[in-house]
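First comes the structure, then the notes that go with it.
Owing to the predicted nature of the structure, the values given are computational and were not obtained by experimental measurement. We're numbering straight along the sequence, starting at 1.
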Amino acid sequence: EFAEPTRAGIAQAATALIEAERAVVIPKLAAMPISERRRIGKVFRIRRETALRHATTATRRQRSQTELYELARRAGVEQRSRMTLAQLEAAVSAWERAQVRQGS
């Protein structure tokens with residue numbers, strides 16, 4: 001069985017990951033063409049959004065701006081492309097509350 005991680009242990013692991021990134025990842029990324037770096041960034045964004053989409057609890061789950069934009073588009077929110085993340089969250093939440101009220 002694994003012991004519950006401590007705050008100090010988590011901080012130490014995070015520091016080790018940051019140092020590994022500085023030593024290995026960043027130099028390799030700097031040597032890559034910009035098109036390849038953009039492709040890798042897109043892959044990571046998609047994986048992050050997929051992981052968030054499959055999160056189980058509402059407190060852990062945060063919608064990405066892309067996901068909120070798509071929900072706002074479906075809801076017919078005007079000027080959504082100019083909205084910030086917080087504004088999109090508010091607009092989508094208001095639309096979802098209205099949907100629940102209509103369904104009741």
Side-chain angles (χ1 to χ4, degrees):
E1 300 260 342
F2 290 104
E4 193 68 30
T6 63
R7 178 172 265 163
I10 293 171
Q12 185 179 7
T15 302
L17 285 172
I18 290 168
E19 289 305 317
E21 183 178 89
R22 283 187 185 142
V24 179
V25 176
I26 292 174
K28 287 188 178 186
L29 284 175
M32 285 184 185
I34 189 75
S35 60
E36 184 67 10
R37 290 194 310 241
R38 285 186 179 136
R39 188 190 66 76
I40 290 170
K42 185 176 181 180
V43 168
F44 276 95
R45 188 188 81 242
I46 290 168
R47 287 182 181 169
R48 184 190 72 231
E49 289 173 359
T50 302
L52 288 173
R53 213 175 295 121
H54 296 310
T56 56
T57 63
T59 55
R60 283 185 12 207
R61 189 181 187 300
Q62 293 179 342
R63 294 175 173 163
S64 69
Q65 189 158 5
T66 305
E67 185 178 3
L68 286 167
Y69 179 85
E70 285 302 312
L71 289 169
R73 184 182 61 77
R74 290 185 204 139
V77 174
E78 293 182 12
Q79 305 241 337
R80 61 188 170 270
S81 63
R82 296 181 180 170
M83 291 184 176
T84 64
L85 181 69
Q87 291 169 327
L88 283 168
E89 284 174 340
V92 168
S93 293
W95 176 74
E96 287 173 337
R97 283 191 306 271
Q99 293 297 104
V100 169
R101 275 185 248 133
Q102 286 177 359
S104 301

Exercise. Only one of I18, V24, V25 passes side-chain contact (heavy atoms from CB on, under 4.5 Å) with R22; say which it is.
Key: I18

Quiz item: How many angstroms lie between CZ in R7 and CD in Q12, if you round to the nearest 0.5 Å?
Solution: 15.0 Å

Self-check item: Atom pair CD (Q102) and CZ (R97), whose distance is rounded to the nearest 0.5 Å
Solution: 13.0 Å

Practice problem: Would you name the heavy atoms of A23 and P27 that are closest together and state the gap between them? | Solution: O-CG, 3.5 Å

Quiz item: When rounded to the nearest 0.5 angstrom, what distance separates CD in E89 from CD in Q65?
Solution: 9.0 Å

Quiz item: Between CG of L88 and CD of E70, what distance do you get to the nearest 0.5 Å?
Solution: 11.0 Å

Quiz item: For Q87 and R82, which heavy atoms make the closest approach, and how far apart are they?
Solution: OE1-O, 4.1 Å

Exercise. Taking the side chain as every heavy atom from C-beta outward, state whether R74 and L71 have any pair of such atoms under 4.5 Å apart.
Key: yes

Practice problem: Please tell me if the side chains of R63 and L85 come closer than 4.5 Å, counting only heavy atoms from C-beta onward. | Solution: no

Quiz item: Between the side chain of R38 and the main-chain N/O of S35, is any donor-acceptor distance below 3.5 Å?
Solution: no

Self-check item: Pair E67 + R73: basic N to acidic O under 4.0 Å
Solution: no

Practice problem: Taking atom CD of E36 as the centre, report whether more than 12 heavy atoms of other residues, nucleotides or ligands fall under 6.0 Å from it. | Solution: yes

